[in-house]
Colleague: 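Shown below is the structure under consideration.
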2 protein chains.
Amino acid sequence: MIKQPTMDDVAAEAHVSRALVSLVMQDPSRVGQARREAVLAAVDKLGYRPNVLARNLASRHTCTIGIVINDLHNPYFVDVLDGIEMAATAEGYQLLLASGWGRTRSEQAAVDSFLDYRVDGVILAGSRLDSKTIVKAAKNAPVVVIGRSLRSELVDSINNDEAIGSRLAVDHLVELGHKAIAHIDGGSGAGSAARRAGYIATMNHHGLGHQIDVLSGNFTEMGGASAARVLLDRPKMPTAVFASNDLMAAGALNALEEGGLRIPGDISLVGYDNTTHASMRHMSLSTVHQPRERMGKLAVEALLERINRTRSTCRREVLKPSLIARSTSAPLPRQGP
Amino acid sequence: MIKQPTMDDVAAEAHVSRALVSLVMQDPSRVGQARREAVLAAVDKLGYRPNVLARNLASRHTCTIGIVINDLHNPYFVDVLDGIEMAATAEGYQLLLASGWGRTRSEQAAVDSFLDYRVDGVILAGSRLDSKTIVKAAKNAPVVVIGRSLRSELVDSINNDEAIGSRLAVDHLVELGHKAIAHIDGGSGAGSAARRAGYIATMNHHGLGHQIDVLSGNFTEMGGASAARVLLDRPKMPTAVFASNDLMAAGALNALEEGGLRIPGDISLVGYDNTTHASMRHMSLSTVHQPRERMGKLAVEALLERINRTRSTCRREVLKPSLIARSTSAPLPRQGP
DNA sequence: TGCAACTATTGGAGCGCTTCAAAACCTAGA
DNA sequence: TCTAGGTTTTGAAGCGCTCCAATAGTTGCA
């Protein structure tokens, strides 16, 4: 670290006490004009920048929130992040970001690191950490989770209604005449279980229980592609596939076309998340839309309520998703029995 | 912030001095076994976690590097980030991340914030900050820039050879028989100028100077789409388009198809960056590949050399890109003159 | 002119940790 | 038993800032 001027240097330069400099740095209007200008001039002259470490240490709060994103490669999370960023900076809070790189260990390390930095609060997006770990963290600082639910009263959560989302997707396919509808799930990923459950429930609701067909995936393109290849190897293919997120849908789309199938001619495909790429004409994926930015915003809102102790009870938001039908889903072509 | 145990609490609990606890926290092997175990037991019992703020303040270094990513929505940067993360954690360094959200002001704020946190070094990926600002930052902490060059001796840079990249793209199209090759540039984005220059040089080299046609873009999908629409409105379209990055190529692809053109039947398209989506069969974009993870790795390497003062001269890496021909580029169809 | 009532400054005691010189404790050889 | 030489611990002085009680300086009004 290169030697930098300290508050004492500024104080000496401006011929005032350090406390006065401190006041100016926090709120210039609380200080008489003459001194204020002297201090500001000194700050400018020396190129002084307050040391945040010292400031946070002494003031016991950081005005910073830590965000742990499960995987930055998933554009869905980046959109959520947009919402978080907007809300946080509007409230004067700084963001510290960390990616879990899809690994639980890295996520854990990121959370610990934030706690060590004494951030005022933590937002976990799509975390795969186990509940105990999260609750434990929540004892040190307020925690809000996005895209996952938790029993604890300590942890707020912002969720999409996965049951409805899955229902919308399956209903859509059923309306198009499909019966053999397979599902590629997200493995242990956040929200995966609920989406799968929604799929199963809706299939049953339509009397399609015997057609239930769940393939395991992992919320990545690779996962979607290999699940599709499993399908391709089967003697009898489903007529439609509902993937638990867009990334997997993209991978499946890929593999399916590689296998010589046309979409939606031979097989319909619906994703989940409505990521930017899904919306592109070239992909034009039918998918379930979640109000991502709004989720980020609500997360910040909830977190601040905890930080400011405006609320001590638990808050659990569940937002309604909607279906966006594009061109990867089409009516089942009439065929002989 | 919730009250947490301090080093003094641990010292009292273990009946030793605070200095001893400090030693244990840094390197347990430097302390006699009996006390060490007592301290460790106390740490465990109290759930003690060292306060990083205090530690960094007292030790005057943070073992942390700050990364400012121009735009997290661009998967290219996330790949670079992968490389950075691997290299940094391997060396025992922590990462603090910030996104510029495509806004210069946010980037500036992120850099300032890192400097205020007294990170040991900063990596800027795709930064649009002006040189002076970056050089000024470099006076406070070592700075490495990725995907942009800088005159200063203080700042190391890791770059892709944009001239070669553009040449590869244009050569490829020329070999396919194209002559009317337009270029969508990245506006003021990092690397944009060099890619444009490479395009112009290569066009001239092929005696195609009169065909040079540069449309302005901004490295986003939207930008690519609107540039393509400009093209669509023209009486005479080029037969090929070289976009300055994949995101814009995707947007252009979109708009072009929307305009009723087939790709590559009616018009060929080449991108730049070889992002994951470009590689997907459904997009299958011809593009220029950059060794992204390697760039991240080299950036960390260079930064650590500065931090450890192993090197004080400037290091400028320029990596060779390669062309990946996929299915958005095809030979020019024979037509009457 | 004197004093209450403010407002503008300052001194100094921390925040929780590192660091290093000095103190305390050990060991082994004389 | 005593001591040189090594190892283990400790005390205390910071790191750069905040914050509060206390001091200095102003104003207004009787």
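Residue numbers start from 1 in every chain, and the chains themselves are labelled A, B, ... in the order their sequence lines are given, proteins ahead of strands.
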Colleague: Which part of the nucleic acid does A:V31 contact within heavy-atom distance under 4.0 Å: base, sugar-phosphate only, or nothing?
Modeller: sugar-phosphate
Colleague: Side-chain N or O of B:T6 less than 4.0 angstrom from OP1 or OP2 on C:dG16?
Modeller: no
Colleague: Hey, does the side chain of A:N159 reach the backbone of A:R148 with a donor-acceptor pair shorter than 3.5 angstrom?
Modeller: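 Between the backbone of A:R148 and the side chain of A:N159 there is a qualifying donor-acceptor contact (under 3.5 Å).
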Colleague: For the CZ atom on B:R49, are there more than 12 heavy atoms of other groups (residues, nucleotides or ligands in this structure) within a distance under 6.0 Å?
Modeller: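 Counting neighbours around CZ of B:R49, more than 12 heavy atoms of other residues, nucleotides or ligands fall under 6.0 Å, so yes.
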Colleague: Which whole-number value in Å describes the distance from A:Q4 CD to D:dC15 P?
Modeller: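 Interatomic distance, CD of A:Q4 to P of D:dC15: 15 Å.
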Colleague: Measure from the side chain of A:A54, starting at C-beta and using heavy atoms only, and say which of C:dT10, D:dG16, D:dT9 lies closest.
Modeller: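 That would be D:dG16.
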Colleague: Pick base, sugar-phosphate or nothing for B:V21, based on heavy-atom distances below 4.0 Å to the nucleic acid.
Modeller: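 It contacts nothing in the nucleic acid.
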Colleague: Within the distance-only criterion (no hydrogens, no angle test), does the side chain of B:D156 pair as donor or acceptor with the backbone N or O of B:R315 below 3.5 angstrom?
Modeller: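 Answer holds: yes.
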Colleague: Side chain of B:L57 only, heavy atoms from C-beta on: which candidate in D:dT18, C:dG16, D:dT9 is closest?
Modeller: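 Closest of the options to the side chain of B:L57: C:dG16.
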Colleague: With a cut-off of less than 4.0 Å, is there a side-chain N or O of A:Y117 near OP1 or OP2 of C:dG16?
Modeller: no
Colleague: Side chain of A:R103, backbone of A:N70: donor and acceptor closer than 3.5 Å?
Modeller: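 Looks like no, no N/O pair under 3.5 Å.
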Colleague: I'd like to know if the side chain of A:R311 reaches the main chain of A:T313, judged simply by a donor and an acceptor atom lying under 3.5 Å from each other, with no hydrogens or angles considered.
Modeller: yes
Colleague: Please report, rounded to the nearest Å, how far the C1' atom of D:dC17 is from the CG atom of B:N51.
Modeller: 14 Å
Colleague: Between A:Q33 (CD) and C:dT9 (P), how many Å, whole number?
Modeller: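 Spelled out: CD on A:Q33 to P on C:dT9 is 11 Å.
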Colleague: Within this structure, what is the CG-to-P distance between A:D27 and C:dA8, rounded to whole angstrom?
Modeller: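 Taking CG of A:D27 and P of C:dA8, I get 12 Å after rounding.
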Colleague: Do A:S152 side-chain atoms and A:V135 backbone N/O form a donor-acceptor pair below 3.5 Å?
Modeller: no
Colleague: Using whole Å, report how far CZ of A:R55 lies from P of D:dC17.
Modeller: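 It is 9 Å, rounded to the nearest whole Å.
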Colleague: Relative to the 5' end of DNA chain D, which residue comes earlier, A:P50 or B:V16, by the nucleotide with the nearest heavy atom?
Modeller: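 In this pair, the answer is B:V16.
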Colleague: Measure from CG on A:L20 to P on D:dG25 and round the result to the nearest Å.
Modeller: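 Spelled out: CG on A:L20 to P on D:dG25 is 14 Å.
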Colleague: Can you check the B:R118 CZ to D:dC15 P distance for me, whole Å?
Modeller: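 Taking atom P of D:dC15 as the reference, CZ of B:R118 is at 14 Å.
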Colleague: Nucleotide by nucleotide, 5' to 3', does protein get under 4.0 Å of the base (B), only the sugar-phosphate (S), or neither (-) in nucleotides 19-28 of chain C, counting heavy atoms?
Modeller: B---------
Colleague: Considering only NZ, NE, NH1 and NH2 on the basic side and carboxylate oxygens on the acidic side, decide whether B:E107 and B:R128 come within less than 4.0 Å.
Modeller: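 No, B:E107 and B:R128 are not salt-bridged.
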Colleague: Whole angstroms only, please: what is the CE-P distance between A:M7 and D:dC17?
Modeller: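 Rounding to the nearest Å, CE of A:M7 and P of D:dC17 are 5 Å apart.
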Colleague: Select base, sugar-phosphate, or nothing to describe what A:V52 touches, counting heavy atoms under 4.0 Å on all strands.
Modeller: nothing
